[in-house]
Amino acid sequence: MNIELRGISKRFGSVQANRNISLDIRASEVLGLLGENGAGKSTLMNVLSGLYQPDSGDILIDGTPVRFDGPGDSIAAGIGMVHQHFMLVPVFSVVENVILGVEPTGSADFLDLAAARDQVQAINARYGMDVPSDVLIEDLPVGIQQRVEILKVLFRSADVLILDEPTAVLTPQEVEAFFGIVRALRDAGKAIVFITHKLHEIIEIADKVSVLRQGEIVGGGVPSEFSEADLAEMMVGRPVSFSVGRGTATPGEDVLDLRDVTLVDASLEVRLHQIAMSVRAGEIVGIAGVQGNGQTELVEAITGLAPVASGQVMFAGTDITASSVRQRHCMGIAHIPEDRQKSGMVSAFTVAENMVLNSYYDDSVARGVQIDWHRAEEQAAAACLKFDVRTPSVFLDAGGLSGGNQQKMVVARELERGVRLVVASQPTRGVDVGSIEFIHKQLVACRDAGNAVLIISSELDEILDLSDRIYVMYEGQITAEFDNSSSQADRGAIGLAMAGANRTAAA
Amino acid sequence: MADQTQMDPARLAASQPVANVTDWRRIISGFTLVMLAAIVLFLLDAPWDSVSTFRISRPRDTWAVGNLVVPSQLINTLAAIILAFLGTRLFLRGGGRWTGLSLGVGLIILAMAFLVWATAGKAISLTGMLQATVVRAVPIALAALGGILCERVAVINIAIEGMLLAGAFAGALFGSLMGGWAGIICAMLTGGVFGLLLAVLVITYRVDQIIAGVVINLFVLGLTSYVSSQVFAEFRWLNKATPFRAFKIPVLGDIPLIGPVLFNQNLFVYGALIMVTLSTYYLFYTRMGLRARAVGEHPRAADTLGIDVIKTRYAHVIAAGMVAGFGGAWFTLGSVGRFDENMTFGRGFIGLAAMIFGRWHPLGALAAALVFGFADSLQQKLSILNTPIPSEFLSMAPYIATIVVVAGLVGRARPPAAIGKAYTKD
Amino acid sequence: MTRSSDTHGSPRNDGNQHNGSSHDGGNAVDSLRALLAPTIDTRGNLREIILIPLAAVFMALLIGALIMMATSVEPHIILRSFVAMADGSVGSLNAISETLTASIPLVLAGLGIGLAFRAGLFNIGAEGQMVVGGLMAAVVSFSVTGLPMALHLPLVLVSGLLVGGLYAAIAGFLRAATGAHEVISTIMLNLISIRLLDYLLRQPFIQKEGRSDPISKAVLETAELPRLLSFIDPNLRLHFGLFLMLGAVILIYWLLYRSKLGFAFRISGENPDAARYAGIRAGLTIVIAMAIAGGLAGLAGAAQVTGVLGRATPGFTAGIGFDAIAVALLGRSHPVGILLAGVLFGALEAGGRQMQVDAGVSIDMISIIQALIIIFVAAPLLVKRIMPFLFADRPKEDADHG
């Protein structure tokens with residue numbers, strides 16, 4: 001089955017998300033769709049999967065124009081989408097998730113789970129995916145959850161598969177296995193759209209590439225004809241260097257020192273198991289690992305958001321295990337949260353208010369029990385200039401800023417206070433390339449000023465670019481440590497550690 | 001996204017002492033049970049030689065069974081011991097998944113102890129009590145069912161109280177005008193209309209679900225009070241419906257104890273049991289039920305699979321209104337046939353507590369409703385038995401129980417994940 | 001809803017909002033000045049803030065008239081009832097006095113509910129908090145004797161405030177400690193307070209001597225809130241509570257928008273996660289916010305007992321605690337908005353009484369109108385759809401708010 005998009009345009013309010021986009025999607029071919037965050041990739045695919053209706057333009061299937069009024073139409077036409085954020089119901093079993101929307105039924109609308117299970121197992125076997133049928137999704141690792149997403153699409157006998165940033169949550173080894181499945185699907189005659197912002201993946205897997213920038217197609221062709229630098233320039237619109245150019249580190253004394261920290265969550269499950277690690281003054285330490293292996297909990301233990309069950313958290317020689325979040329703030333621990341909109345800012349507050357979100361109580365802005373808003377606003381304006389937060393006024397709601405500017409606002413707020421340790425969790429997630437460069441520079445500058453910096457990122461490239469030292473986390477443990485100061489650490493070795501290869505060695 | 005990685009159980013066992021976070025749920029529920037034990041032991045004491053007599057059959061029943069006679073003080077001492085055990089266990093170790101069961105058993109034992117104490121040296125009809133329990137559980141169970149239908153598609157339904165009241169009102173009015181059956185149908189339709197109103201407000205206009213619910217309650221209270229003082233006061237025949245009488249199911253109704261309790265009741269009891277059964281089948285064994293639950297857990301996922309989130313929510317909220325309307329008609333057509341201002345008196349909210357207690361499952365909610373119904377009928381019996389406890393305190397009991405249940409269970413029982421959030425596409 | 005990150009169908013974050021920043025050109029001082037210049041972008045918003053409540057009131061009155069027609073009230077009676085409503089609320093000095101008197105407890109309790117709202121809590125329990133606060137005030141007002149007014153009256157008011165605050169703090173504590181939703185627990189506490197009131201009013205130390213029905217002793221003269229207009233006419237009921245009300249408006253405004261505690265409340269209300277990350281102790285914030293809310297409701301009860309009723313009786317709160325919810329919603333949880341909304345509802349209350357006397361229409365009609373006003377205010381999109389012409393000249397607004 002071939003699909004042709006002709007002149008698709010879509011706008012949201014004042015934002016033109018897609019402008020006059022034309023694409024060719026062919027059977028037995030992997031089409032790479034490259035573009036940075038916010039370039040309009042997801043909007044385009046949501047149009048194709050029927051979730052959005054285009055303002056203008058046509059979708060042609062094998063030459064016949066079609067119209068999708070909802071995801072149901074697109075599914076019926078044989079298009080299946082695997083979303084970046086999995087569309088799985090965590091408390092449903094694999095079978096229930098796979099059949100949802102196309103359930104086999106008996107009389108009285110009775111759900112025929114037995115028949116469904118057989119059908120799912122048949123597909124499972126055909127593509128060698130090895131997914132259990134009756135386990136709840138929430139009990140499965142993300143790699144398997146992704147296979148469930150693909151099963152879902154295949155169960156609907158889709159001929160076109162759209163994969164939206166599918167490798168974001170996988171280890172390098174899992175990525176290889178996943179590419180194997182993609183190739184098998186292509187060879188079985190499926191058309192595949194592979195959306196990513198990672199250049200090397202395009203070069204490895206795509207048969208053809210189209211590059212999207214600010215809602216428009218700006219180029220494309222056969223990937224082997226381009227270098228990574230060409231593709232990067234096309235994607236961003238100017239030459240970019242992805243390496244930060246950081247000098248050698250001159251580490252000092254331990255600023256942060258975790259001693260056998262164990263953390264247990266509310267449902268009594270062990271989330272961190274005897275973590276021992278340190279971050280020294282003047283160095284950047286990176287935490288690599290597949291999302292959900294205890295990184296969030298590690299940050300919570302360091303910042304005081306969650307109590308630890310045993311072990312000690314030492315900060316500059318003092319035991320802060322029992323200190324509150326605020327006490328730790330005041331001692332000089334800065335925290336850039338992994339999800340800025342969820343926990344890093346208040347969208348309905350002004351930029352100025354957001355800038356004092358965790359300093360409003362101290363003498364820099366408060367007088368007695370009262371907040372000196374004039375002072376707060378002046379400080380906010382100065383910080384906006386210094387950290388390149390682009391807003392016409394500090395009195396506008398922070399929710400209206402772009403993702404990059406919101407993130408720079410959070411970074412500004414955290415780094416402007418006198419800090420000694422910066423805990424930066426996913427510091428550049430969902431941010432444009434310009435802001436990424438800026439934030440990276442700020443973090444390196446922070447290191448060069450003699451502070452300790454801890455970076456947690458699921459983007460291995462980011463960890464490799466920034467860190468002087470790298471720890472790998474797997475299932476709540478530190479399973480490996482790599483030196484990354486003079487020469488880059490071995491990507492493959494890190495990947496193996498991320499997949500749990502040397503878990504016993506470290507445990 | 002669920003990205004919890006399961007930890008190796010072996011390592012879990014080997015790990016250090018568990019987090020020292022104060023678990024208030026555990027403390028509150030454990031403490032309450034221990035306090036109840038103390039109350040039973042010290043306040044509900046009867047002479048050691050007194051007995052409590054519970055009549056089971058009436059003399060002219062087909063199959064008569066003898067009376068149940070128990071030694072009052074012995075039973076209550078035992079009850080206190082069990083309560084103290086459950087409470088201490090909860091207090092010290094935490095109940096985990098058993099918290100709900102412990103609380104439920106505790107409440108039932110407390111109610112029994114009260115009953116035994118109040119009947120010490122007297123006699124009371126056990127069958128009558130249980131019959132009243134079932135009857136009084138009906139509006140609570142139906143309110144809970146209405147709550148479940150809504151919350152399973154992620155709409156909070158605080159308006160259930162108003163829907164009950166509207167159903168009670170419509171039942172009385174149309175029941176007086178056109179007879180009982182028409183009254184029930186109109187009560188359900190009225191409930192459905194308010195379900196539709198809630199749906200329009202929270203689904204289409206994305207009003208905060210709790211605000212919308214509260215406002216609908218205020219509106220229904222105002223409207224029914226207005227009509228009842230403006231119209232019913234003058235035209236009394238509009239508020240004088242013939243209530244449904246109990247009808248005995250042949251043979252089954254003659255079984256001792258069970259017969260009168262389950263098979264010699266009015267339409268509302270049978271209706272509630274049927275609705276609970278049907279909705280259990282619907283939610284957990286049918287295609288549409290699976291889709292509905294998906295909408296409540298992960299609406300966007302459902303949407304991407306071509307399930308119409310908006311329509312599903314509308315349908316369930318309206319259906320919930322109809323169930324609640326039926327439950328509301330119980331107050332008028334199921335008992336006295338007359339509507340009084342604010343006659344539902346918080347039953348809808350107790351129904352929501354029963355829903356939480358029953359973990360968003362119709363059968364669980366029914367069980368919880370029976371516990372509340374028992375407390376309700378107990379209060380009535382106790383005031384007849386002339387106990388020294390002020391009636392105001394007895395009537396507070398279900399409300400206090402509701403608070404304890406909600407405080408002890410929220411967070412343990414997991415509501416549908418998308419609860420309270422309006423659905424938008426982008 | 002899944003939260004949308006940038007890559008996930010959220011084209012709004014494309015980087016071209018709020019553009020036109022002048023960071024690059026000009027010197028730093030100019031840029032700073034530009035960032036700090038007051039924005040005027042809020043004018044359209046302001047119009048909406050005024051227009052929507054007005055439209056809501058209009059539509060509520062209209063539907064109220066329709067309901068009256070449906071219950072076979074003659075058209076001329078409907079007309080007369082609206083005239084009576086206006087007459088009873090603003091038609092004379094006495095009417096204005098009644099309006100303001102009725103608005104005092106509404107505003108006080110409404111401020112509490114609004115404050116709790118700002119902190120992310122829905123306090124349905126103002127009614128119960130008024131009951132316990134008012135009852136406590138009554139007890140202190142007749143059982144403490146021999147104090148001068150300057151001491152007795154404040155003591156009475158503060159005891160009402162404290163008890164109301166403590167009662168609300170129960171719900172706050174349960175929420176903070178166990179996660180029990182405050183909506184359910186405050187509703188239950190309301191129902192409990194009613195039974196408690198009935199019980200206590202029969203106790204010998206509270207019940208009026210020689211009575212068998214539940215009614216408390218009378219408030220001593222030294223604990224009465226003085227009437228303000230008695231020099232004009234001793235029957236004008238407006239009392240000193242007016243100043244309590246205005247003082248509370250100013251205090252709550254300061255608390256919410258100038259104080260550290262209020263900022264912590266607002267962060268917790270808008271984004272509890274961000275509050276936690278900012279080191280704000282969620283549990284404590286919840287308990288304090290509930291206690292303040294309950295304290296204001298308790299004060300409302302105390303003011304009602306000592307300023308208007310002179311004693312506690314069953315149902316003396318008369319649903320004011322529920323109407324106050326509506327006042328807080330209508331006032332958008334802003335102290336000034338609550339003041340205006342409270343006066344409007346006070347006027348409806350006073351007008352409603354007149355309507356009942358003059359036109360024989362049940363005062364319950366007022367509850368209907370109040371509920372309708374809130375429905376419309378809570379659903380601005382609905383108002384815009386029904387009355388598009390009011391908002392017509394603002395073409396692109398809200399198109400992308402979904």
Side-chain angles (χ1 to χ4, degrees), chain B residues 1 22 24-25 27-28 158 161 197 200-201 204-208 210-212 214-216 218-231 233 298-300 341 345-346 349-350 352-353 356 390 392-393 395-396 399-400 402-403 406-411 418 421-426, chain C residues 1-2 4 9-12 67-68 71-73 122 124 170-171 173-174 176-181 183-185 187-192 194-200 202 319 322-323 325-326 329 360-372 374-375 378-382 385 400 402:
Chain B
M1 192 81 329
T22 322
W24 282 102
R25 279 191 295 264
I27 292 175
I28 289 176
I158 295 284
E161 173 80 6
L197 177 63
V200 169
L201 288 177
T204 304
Y205 292 102
R206 290 177 226 136
V207 177
D208 180 282
I210 292 178
I211 291 179
V214 168
V215 172
I216 288 178
L218 289 176
F219 179 70
V220 174
L221 182 59
L223 186 65
T224 55
S225 302
Y226 167 77
V227 178
S228 110
S229 57
Q230 187 76 23
V231 181
H298 197 330
R300 195 175 176 85
E341 278 186 31
F345 230 89
F349 301 119
I350 294 180
L352 289 183
I356 296 171
E392 287 92 353
F393 285 104
S395 55
M396 271 183 218
Y399 306 134
I400 296 176
T402 302
I403 291 183
V406 172
L409 290 181
V410 164
K421 294 172 208 146
Y423 182 69
T424 48
K425 285 208 166 190
D426 35 51
Chain C
M1 251 312 286
T2 46
S4 46
S10 179
R12 286 203 284 146
I67 291 175
M68 283 195 249
T71 51
S72 63
V73 178
F122 203 170
I124 311 272
I170 298 174
F173 169 75
L174 289 172
T178 71
H181 202 289
V183 167
I184 300 268
S185 51
I187 287 169
M188 292 301 135
L189 288 170
N190 283 343
L191 293 164
I192 291 169
I194 293 168
R195 306 303 202 283
L196 201 63
L197 178 68
D198 288 350
Y199 172 73
L200 288 174
R202 287 178 192 278
F322 292 115
D323 296 341
I325 299 170
L329 290 173
V361 172
S362 163
I363 193 165
D364 290 312
M365 174 48 65
I366 298 301
S367 314
I368 299 178
I369 291 172
Q370 289 173 339
L372 285 168
I374 301 312
I375 291 180
L381 291 172
L382 182 64
R385 179 154 306 174
D400 58 339

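Each chain gets a letter, A, B and so on, in the order its sequence line appears, and its residues count up from 1. Side chains are part of it too, since the values below use all heavy atoms of this structure and drop only hydrogens, waters and symmetry mates. Because the structure is a prediction, the values reported are computed rather than measured.
C:Ile184 touches chain B through its side chain: at least one heavy atom from C-beta onward sits under 4.5 Å away, while N, CA, C and O do not. With a 4.5 angstrom heavy-atom cutoff, B:Ile211 touches chain C via backbone and side-chain atoms both. With a threshold of 4.5 angstrom between heavy atoms, B:Glu161 does not approach chain C through any atom at all. For a residue to count as touching a neighbouring chain, one of its non-hydrogen atoms must lie under 4.5 Å from one of that chain's; by this rule C:Tyr199 touches chain B with backbone and side chain alike. Both the backbone and the side chain of B:Ile400 come within contact range of chain C, each with at least one heavy atom under 4.5 Å from a heavy atom of that chain. Residue B:Ile350 touches chain C through both its backbone and its side chain, counting heavy-atom pairs closer than 4.5 Å. For chain B, the nearby part of C:Ile124 is the side chain; its heavy atoms alone come within less than 4.5 Å.
Contact detail for C:Gly360 and B:Gln230: the closest heavy-atom pair is O-NE2, 3.4 Å. For the pair B:Tyr226 and C:Met68, the tightest heavy-atom approach, listed with the atom from each and the gap, is OH-CG, 3.5 Å. Considering every non-hydrogen atom in both B:Arg206 and B:Thr424, the closest pair reads NE-CG2, 3.2 Å. Contact between B:Thr402 and B:Ala353 at its shortest, heavy atoms only, is CG2-CB, 3.2 Å. Scanning all heavy atoms of the two residues, the minimum distance from B:Val207 to B:Ala212 falls at CG1-CB, 4.0 Å. Between B:Val215 and C:Ala371 the shortest heavy-atom distance is CG1-O, 3.4 Å.
When each of C:Leu382, C:Leu329, C:Thr71 is checked for heavy-atom pairs under 4.5 Å with chain B, C:Leu382 comes out on top. Contact count versus chain C (heavy atoms, under 4.5 Å) is highest, among B:Leu223, B:Asp208, B:Ile158, for B:Leu223. Here B:Ile210 is the residue among B:Leu201, B:Ile210, B:Val231 with the most heavy-atom pairs under 4.5 Å with chain C. Annotation: maximal heavy-atom pairing with chain B below 4.5 Å, among C:Leu372, C:Ile187, C:Val73, C:Ile194, occurs at C:Ile187.
To the nearest 0.5 Å, the span separating CG on C:Asp364 from OG on B:Ser228 amounts to 7.5 Å. Here the straight-line distance linking atom CG of B:Leu218 with atom CD of C:Gln370 works out to 8.5 Å at 0.5 Å rounding.
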